[in-house]
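Source: prediction; values computed, not measured.
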Amino acid sequence: FYINMHKHIPNLFVFLDHYDKHLFKNNIKNIGIIYRNYNKSKNVKELIKITSECKKKRLPIFIANDTKLAIKVKADGIYIPAFNKRKQFKNLENRNFKLLGSAHNQKEINEKILQKCEAIFLSPLFYIKKRKSFLNIHKFNLLVNSNNSKFFALGGINEKNIIKLNLLNIRGFAGISIFKKKTGLRKAGFLKNNLF
């Protein structure tokens with residue numbers, strides 16, 4: 001069963017910076033792939049491999065912060081990180097690209113709405129090593145309920161705290177490590193069937 005990307009956005013997303021054969025071996029439904037590699041030397045061959053696998057599995061793929069690359073590999077859309085403040089993404093309407101964005105606070109949520117993002121990844125929900133602070137359940141819900149957008153949880157989600165996503169008013173969630181573990185995948189599948 002394939003969800004047409006021009007009508008829907010998946011409930012689960014995984015961030016990749018390189019090809020991961022284990023991820024594509026798992027038959028998770030309703031998942032999107034976000035290719036996020038901010039290194040100067042992007043491996044286009046590897047990205048083409050990822051894109052090809054996505055097309056085979058009928059998984060939508062989004063390219064982070066690189067419109068030209070997204071057009072080159074015929075991606076389904078663009079992922080606009082919080083640090084990208086550009087107001088316009090030219091010529092994307094004609095290509096049926098979906099725009100997704102990330103934000104950490106109300107100011108960045110406003111920026112993503114102005115950039116016409118159809119969904120916003122709000123982060124970090126839980127503790128992660130690279131940031132001093134995190135939103136947690138209360139502040140996360142406060143931001144979500146104050147804005148009329150589709151929100152996804154991101155940041156620090158693991159097998160121990162994934163059940164807390166039941167307390168959030170979200171469309172879905174995104175992660176990195178949880179999708180690479182067999183136990184994480186099972187729990188993510190359980191969550192998808194019960195929540196989303």
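- Atom-to-atom distance recorded for Q115:CD and I120:CD1 is 9.5 Å, nearest 0.5 angstrom.
- Residues S133 and P124 approach most closely at O-CG, 3.6 Å, considering heavy atoms.
- Between A153 and I157 the shortest heavy-atom distance is O-CD1, 3.7 Å.
- No side-chain donor-acceptor contact under 3.5 Å links K132 to the backbone of K129.
- Judged purely by distance below 3.5 Å, without hydrogens or angles, the side chains of N65 and N84 pair a donor atom with an acceptor atom.
- Linking Ile, Leu, Val, Met, Phe, Trp and Tyr whenever their side-chain heavy atoms come within less than 4.5 Å leaves F83 and L114 in two separate clusters.
- Judged by distance alone, the side chain of N158 and the main-chain N or O of K160 form a donor-acceptor pair under 3.5 Å.
- At least one side-chain heavy atom of E118 sits less than 4.5 Å from a side-chain heavy atom of I9.
- Looking at heavy atoms from C-beta onward, F15 lies in side-chain contact with L154 at the 4.5 angstrom threshold.
- Not a single donor-acceptor pair under 3.5 Å links the side chain of K57 to the backbone N or O of S52.
- For NZ of K72, the number of neighbouring non-hydrogen atoms (other residues, nucleotides, ligands) closer than 6.0 Å is 12 at most.
- Aromatic pair F121/Y79: centroids less than 6.0 angstrom apart.
- You'll find the side chain of F173 reaches within 4.5 Å of the side chain of I162, heavy atoms only.
- Heavy-atom minimum distance, K112 versus P81: NZ-O, 2.8 Å.
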Set out, in order, the CA-CA distance, both residues' side-chain angles and the distance that settles side-chain contact (heavy atoms from CB on, under 4.5 Å) for R131 and H104, then state yes or no.
CA-CA 11 Å; R131 288 185 77 89; H104 305 104; 3.8 Å; yes
Using side-chain contact (heavy atoms from CB on, under 4.5 Å), reason through D66 and Y35 one step at a time and then give a plain yes or no.
CA-CA 10 Å; D66 195 326; Y35 178 74; over 6 Å; no
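- Cluster membership check: I137 shares its hydrophobic cluster with L122, using side-chain heavy-atom separations under 4.5 Å among Ile, Leu, Val, Met, Phe, Trp and Tyr.
- A distance of 9.0 Å separates CG in D20 from CD1 in I50, rounded to the nearest 0.5 Å.
- Between L16 and N37 the shortest side-chain heavy-atom distance does not fall below 4.5 Å.
- Checked against salt bridge (Lys or Arg N to Asp or Glu O under 4.0 Å), E46 has no partners two or more places apart in sequence or in another chain.
- The CZ atom of F151 lies 13.0 Å from the CZ atom of R171; values are rounded to the nearest 0.5 Å.
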Yes or no on side-chain contact (heavy atoms from CB on, under 4.5 Å) for Y19 and E53, after CA distance, side-chain angles and deciding distance?
CA-CA 9 Å; Y19 180 78; E53 199 71 44; 3.3 Å; yes
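- In the hydrophobic clustering of ILVMFWY residues, with side-chain heavy atoms under 4.5 Å counting as a link, I128 and L125 come out apart.
- The CG atom of L135 sits 6.0 Å away from atom CG of L143, with the distance rounded to the nearest 0.5 Å.
- Using a 4.5 Å cut-off on side-chain heavy atoms (C-beta onward), T51 and I33 make no contact.
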Under the criterion side-chain contact (heavy atoms from CB on, under 4.5 Å), I'd like the reasoning laid out for V73 against I63: C-alpha separation, chi angles, the key distance, then a yes or no.
CA-CA 9 Å; V73 299; I63 308 300; 4.1 Å; yes
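- Here the side chains of S102 and E108 are not in contact, with every heavy-atom distance at 4.5 Å or above.
- The shortest non-hydrogen separation linking S146 to Q106 is CB-OE1, 4.4 Å.
- Going from atom CD of E111 over to atom CD1 of I80 covers 11.0 Å, rounded to the nearest 0.5 Å.
- Inter-residue side-chain proximity for S123 and F134 is flagged as unmet; no heavy-atom pair is nearer than 4.5 Å.
- For N145, the CG atom sits in a packed shell: over 12 heavy atoms of surrounding residues, nucleotides or ligands are nearer than 6.0 Å.
- Under the 3.5 Å distance criterion, the side-chain polar atoms of N141 are matched with a main-chain donor or acceptor of N169.
- Using bins of under 30°, 30° to 60° and over 60° for the plane-to-plane angle, the ring pair F152/F13 lands in the perpendicular bin.
- Here the side chains of I71 and L69 are not in contact, with every heavy-atom distance at 4.5 Å or above.
- Note: the hydrophobic cluster containing L165 also contains L167 (ILVMFWY, side chain heavy atoms under 4.5 Å, direct or indirect links).
- In terms of modelled atom types and a separation under 3.5 Å, the side chain of N161 and the main chain of G156 share a donor-acceptor contact.
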For ring-ring contact (aromatic ring centres under 6.0 Å, His included), just list the numbers for F97 and F62, CA-CA rounded to whole Å, side-chain angles, deciding distance to a tenth of an Å, and then say yes or no.
CA-CA 9 Å; F97 270 170; F62 297 79; 8.8 Å; no
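- Considering SG of C117 and CD1 of I109, their distance stands at 11.5 Å, rounded to 0.5 Å.
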